[in-house]
Amino acid sequence: MAATEFRWIPVTTLASGAELRLPLHSVRGAHPGPTLGLSALVHGNEPVPSVGIIRALLERLDPSELRGSVLAVPVLNPLGYAGMSRHTPEDGMNLNGAFIVSDAGGHPEPVKTVSIQLSAAISEQFLSQLTHHIDFHTGGNASVHMIEFADDPESLAMARAFNMPILLRDIWMPGQMWTRGAQLGARTLVAELGGAGQLYAEWVERGVAGTLNVMRHLGMLPGDVVPPPRQYVVDNT
């Protein structure tokens, strides 16, 4: 049944007694299909235009014409966002390096810092549900416009469908959210759009248009896939 829902993902109780939780928006389509995740602010100092892109997308989606589901967590690191910090202020960790899982080799469990607890909640209640994922970033104090993708044909096709001119073929590193997502079965794009604290409507629209085109490519929305402009693939592999 098509539906739009909102709920909180509980994480932990802070030393102050405040509850740490994450916002999860769900749009479930009328027909079966992929599950696409949208996320932002794994780095707390990158709010614009990332959050605006996700908000605009959620407002435009019509569950009755959607195949599959969209799950969105627009603020992955509320503590970093509150402090406008790339790292989690409570433990100094980069959340995008905190997705650490113990292995069968007898290595000890990671210390359950706030970032580790955030990464566990994100993995268990968000990443594990996804088949595909678009994680929005910005240039922080600079302005960056490109799409990063893993070195496989399906990810390249998704990256091309976002219709940005610069594509960066990359390697996901241990501890990164994108690595954990891949372990759990999600193909991930990293959309680097805008930055320098500037909210340009042009970049919100580009982010929305690119995501909708990826969704058409995945068969989640009706309509023809808009062909990409001239694109340049840069290797970081």
Side-chain angles (χ1 to χ4, degrees), residues 3-28 35-55 57-58 69-138 140 172-191:
T4 300
E5 300 174 351
F6 174 80
R7 70 177 180 88
W8 292 101
I9 298 174
V11 179
T12 190
T13 301
L14 300 173
S16 65
E19 294 296 320
L20 178 59
R21 57 187 186 172
L22 303 174
L24 175 65
H25 300 264
S26 302
V27 183
R28 304 194 183 279
T35 299
L36 174 66
L38 306 174
S39 63
L41 282 174
V42 72
H43 297 140
N45 63 337
E46 300 179 7
V48 291
S50 304
V51 174
I53 292 170
I54 294 177
R55 175 182 293 174
L57 281 162
L58 292 173
S69 300
V70 173
L71 304 181
V73 182
V75 181
L76 290 167
N77 192 342
L79 301 170
Y81 183 26
M84 284 300 291
S85 170
R86 183 177 178 86
H87 296 161
T88 306
E90 279 71 7
D91 57 22
M93 291 187 70
N94 181 343
L95 179 56
N96 200 32
F99 287 77
I100 303 164
V101 292
S102 48
D103 55 33
H107 295 91
E109 289 280 344
V111 176
K112 295 297 192 293
T113 68
V114 172
S115 293
I116 296 293
Q117 291 178 77
L118 278 166
S119 72
I122 293 165
S123 298
E124 293 165 8
Q125 300 198 53
F126 178 59
L127 297 179
S128 66
Q129 311 301 311
L130 309 180
T131 59
H132 302 82
H133 183 196
I134 301 176
D135 185 38
F136 291 94
H137 287 249
T138 78
W172 308 145
M173 303 301 292
Q176 287 183 317
M177 178 175 64
W178 317 317
T179 303
R180 187 65 184 132
Q183 292 169 343
L184 294 168
R187 302 280 184 181
T188 300
L189 295 184
V190 180

To the nearest 0.5 Å, what is the distance between [atom1] on [X] and [atom2] on [Y]?
{"X": "Leu36", "Y": "Arg187", "atom1": "CG", "atom2": "CZ", "value": "14.5 Å"}
{"X": "Gln117", "Y": "Thr12", "atom1": "CD", "atom2": "OG1", "value": "3.5 Å"}
{"X": "Glu124", "Y": "Gln129", "atom1": "CD", "atom2": "CD", "value": "10.5 Å"}
{"X": "His132", "Y": "Leu38", "atom1": "NE2", "atom2": "CG", "value": "12.5 Å"}

Exercise for the section: Walk me through it: do His133 and Trp172 pass the test ring-ring contact (aromatic ring centres under 6.0 Å, His included)? Expected result: CA-CA 14 Å; His133 183 196; Trp172 308 145; 9.9 Å; no
Which heavy atom of [X] sits nearest to which heavy atom of [Y], and what is that distance?
{"X": "Ile9", "Y": "Ala121", "answer": "CG2-CB, 4.1 Å"}
{"X": "His87", "Y": "Gly92", "answer": "ND1-O, 3.6 Å"}
{"X": "Leu24", "Y": "Gln125", "answer": "CD2-O, 4.3 Å"}
{"X": "Pro23", "Y": "Val75", "answer": "CD-O, 3.8 Å"}
{"X": "Val101", "Y": "Gln183", "answer": "CG2-OE1, 4.4 Å"}
{"X": "Thr179", "Y": "Pro174", "answer": "OG1-N, 4.2 Å"}

Taking the side chain as C-beta and beyond, is there a heavy-atom pair between [X] and [Y] under 4.5 Å?
{"X": "Leu130", "Y": "Leu184", "result": "no"}
{"X": "Asn77", "Y": "Val42", "result": "no"}
{"X": "Leu20", "Y": "Pro78", "result": "yes"}
{"X": "Phe99", "Y": "Leu127", "result": "yes"}
{"X": "Ile116", "Y": "Ile100", "result": "yes"}
{"X": "Leu22", "Y": "Leu118", "result": "yes"}
{"X": "Arg180", "Y": "Ile122", "result": "no"}
{"X": "Ser39", "Y": "Met177", "result": "yes"}

Problem - Donor on one side chain, acceptor on other, Asn94 and His43, under 3.5 Å - result: yes
Practice task
Indicate whether any N or O donor in one side chain lies under 3.5 Å from an N or O acceptor in the other, for Asp135 and Thr188.
Solution key: no
Can you check whether [Y]'s main-chain N or O pairs, donor with acceptor, with [X]'s side chain at less than 3.5 Å?
{"X": "Ser115", "Y": "Leu95", "result": "no"}
{"X": "Glu5", "Y": "Ser26", "result": "no"}
{"X": "Thr131", "Y": "Thr35", "result": "yes"}

Exercise for the section: Mind telling me whether His25 and Phe6 have parallel, tilted or perpendicular rings, with 30° and 60° as the class edges? Expected result: tilted
Fill in the blank from the handout: Residue set satisfying side-chain contact (heavy atoms from CB on, under 4.5 Å) with Arg55, at least two apart, ordered chain then number -> Glu59
Exercise for the section: Name all residues meeting the ring-ring contact (aromatic ring centres under 6.0 Å, His included) criterion together with Phe136; count only those two or more places apart in sequence or in a different chain, and write none if there are none. Expected result: none
